[in-house]
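None of these values were measured; they are calculated from a predicted model. Start at 1 and go down the list; that is how both ligands and their atoms are numbered. For the numbers below, each heavy atom of this structure counts, side chains included, while hydrogens, waters and symmetry mates do not.
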Amino acid sequence: MTSELDGESAPGRGYLLDNARAEAGERFVWLAELFDGVTRGHVDRLGVKAGSRVWEVGAGGPGIPEALAAAVGPTGHVLATDIDPSWLNAGHGYEVRRHDLAADPTPEPGTFDLVHARLVLVHVPDRARALATMAAALRPGGWLLVEDADTALQPLACLDDSGPAQRRANRLREAIRALLAGRGADLRYGRTLPRALRDAGLVDVAASGSFPVGGPACNHLEASTIRHVRAELLAAGLADDAEIDAHLAAIHAGELDLTLAPLISAWGRRPAEHPWSPG
Ligand SMILES: C[S@@+](CC[C@H](N)C(=O)[O-])C[C@H]1O[C@@H](n2cnc3c(N)ncnc32)[C@H](O)[C@@H]1O
């Protein structure tokens with residue numbers, strides 16, 4: 001079993017938290033624990049049901065594709081794509097395909113009742129083009145649901161900045177934001193989603209935000225994230241080994257009430273095409 005105090009990561013380019021490392025799989029487990037309930041609430045409200053067709057973009061782990069497959073049943077269709085789909089389980093009621101949202105064309109254009117992406121667009125260089133690729137997959141009247149963090153809206157790891165361990169956690173969170181920004185992530189993207197969805201031609205646009213405060217899932221996610229980016233933090237001179245080890249030990253001891261950036265969930269509908277023209 002991997003200790004929270006070990007793990008190496010190789011500095012590189014592109015998506016910072018790439019799926020090739022074991023920590024990515026751990027992160028998907030804890031992201032699911034923290035946010036799948038929020039996502040499933042939106043998916044249900046937007047009318048996904050038996051027979052629906054859904055495209056899950058940048059799916060990461062199996063949590064949401066499996067929930068969608070259960071919702072649409074054998075008469076529906078769930079397509080789960082990712083630039084690296086290795087954490088997805090083909091044969092569990094959903095189809096798995098490798099798809100780069102930044103470069104590949106829309107699969108099955110004009111056919112999906114719902115297209116969903118969570119914590120993906122923030123990492124994609126041309127976000128407007130990526131949104132257009134997803135919107136083009138919707139049938140008339142179909143919904144696009146995009147969920148992304150706004151790490152600049154709430155930048156702290158510990159809201160209760162009560163001691164040195166909490167302040168160290170906040171410094172390290174700032175360091176990770178610097179790494180993400182260096183890879184082209186837009187740390188203020190969440191707040192722009194309603195406007196971006198309107199710009200993509202969608203109607204009935206609205207959004208909401210949520211974030212957890214403290215608890216074991218936040219601790220596990222933080223430890224996995226820190227171990228994932230440890231080598232990057234060291235290589236960039238943004239932290240040293242002693243600081244990272246002390247932070248991991250404080251997480252392990254349950255001393256921190258760790259929190260996350262707000263997840264902004266925004267939705268909009270492709271206008272329905274009318275078979276008649278008024279007047
Ligand atoms: C932070 S994870 C989120 C995973 C999952 N959607 C969730 O919320 O748990 C980001 C995911 O987006 C994927 N991704 C990053 N860039 C992508 C791209 N250009 N096209 C498709 N997927 C991409 C990553 O491989 C990773 O699985």
Determine the sole option in R167, R168, R171 for which the salt bridge (Lys or Arg N to Asp or Glu O under 4.0 Å) test with E243 is passed. R171
Lys/Arg cation over aromatic Y189: R127, 6.0 Å, 45° cone: yes
Logged contact type for F28 with ligand 1, heavy-atom cut-off 4.0 Å, is side chain
For ligand 1, which is the ligand I care about here, please tell me if D100 has any N or O atom under 3.5 Å from one of the ligand's N or O atoms. yes
Could you check whether the rings of W55 and F112 sit parallel, tilted or perpendicular, using 30° and 60° as the cut-offs? tilted
Min N/O separation E56 to ligand 1 under 3.5 Å: no
Identify the protein heavy atom lying closest to atom 20 (N) of ligand 1, giving its residue, its atom name and the separation to 0.1 Å. L101 N, 2.9 Å
When distances are taken from atom 3 (C) of ligand 1, the protein heavy atom at minimum range is R118 O, 3.6 Å
Sub-3.5 Å N/O-N/O distance, G58 and ligand 1: yes
So which protein heavy atom does atom 12 (O) of ligand 1 come closest to, and at what separation? V120 CG2, 3.7 Å
Please confirm whether the backbone N or O of R53 pairs with a side-chain atom of D113, one donor and one acceptor, at under 3.5 Å? yes
Using 30° and 60° as the class boundaries, would you call the ring planes of H220 and W30 parallel, tilted or perpendicular? parallel
Would you please say whether a donor-acceptor pair under 3.5 Å links the side chains of R27 and S224? no
Is it true that a side-chain atom of R188 and a backbone atom of L153 form a donor plus acceptor pair closer than 3.5 Å? no
Just to be sure I'm reading this right: ignoring hydrogens, which of A24, A59, A149 gets closest to atom 5 (C) of ligand 1? Compare them by their nearest heavy atoms. A59
Could you tell me if R177 and T151 have a donor-acceptor pair between their side chains, going purely by distance under 3.5 Å? no
Do ligand 1 and I83 have nitrogen or oxygen atoms that lie under 3.5 Å from each other? yes
Okay, side chain of Q166, backbone of G163: is any donor-acceptor separation there less than 3.5 Å? yes
Top protein contact for atom 1 (C) of ligand 1, by heavy-atom distance: Y15 OH, 3.1 Å
Atom indices of ligand 1 within 4.0 angstrom of H99 heavy atoms, with elements: 20 (N), 21 (C)
Heavy atom under 4.0 Å from ligand 1: found in E147's side chain, backbone, both, or neither? neither
Can you tell me the protein heavy atom closest to atom 27 (O) of ligand 1 and the distance? D82 OD2, 2.6 Å
With backbone taken as N, CA, C and O and side chain as the heavy atoms from C-beta onward, which portion of L31 lies under 4.0 Å from ligand 1: side chain, backbone, both, or neither? side chain
Quick one: which ligand 1 atoms are inside 4.0 Å of a heavy atom on G60? 4 (C), 27 (O)
Are any side-chain N or O atoms of H247 and backbone N or O atoms of A223, one a donor and one an acceptor, separated by less than 3.5 Å? no
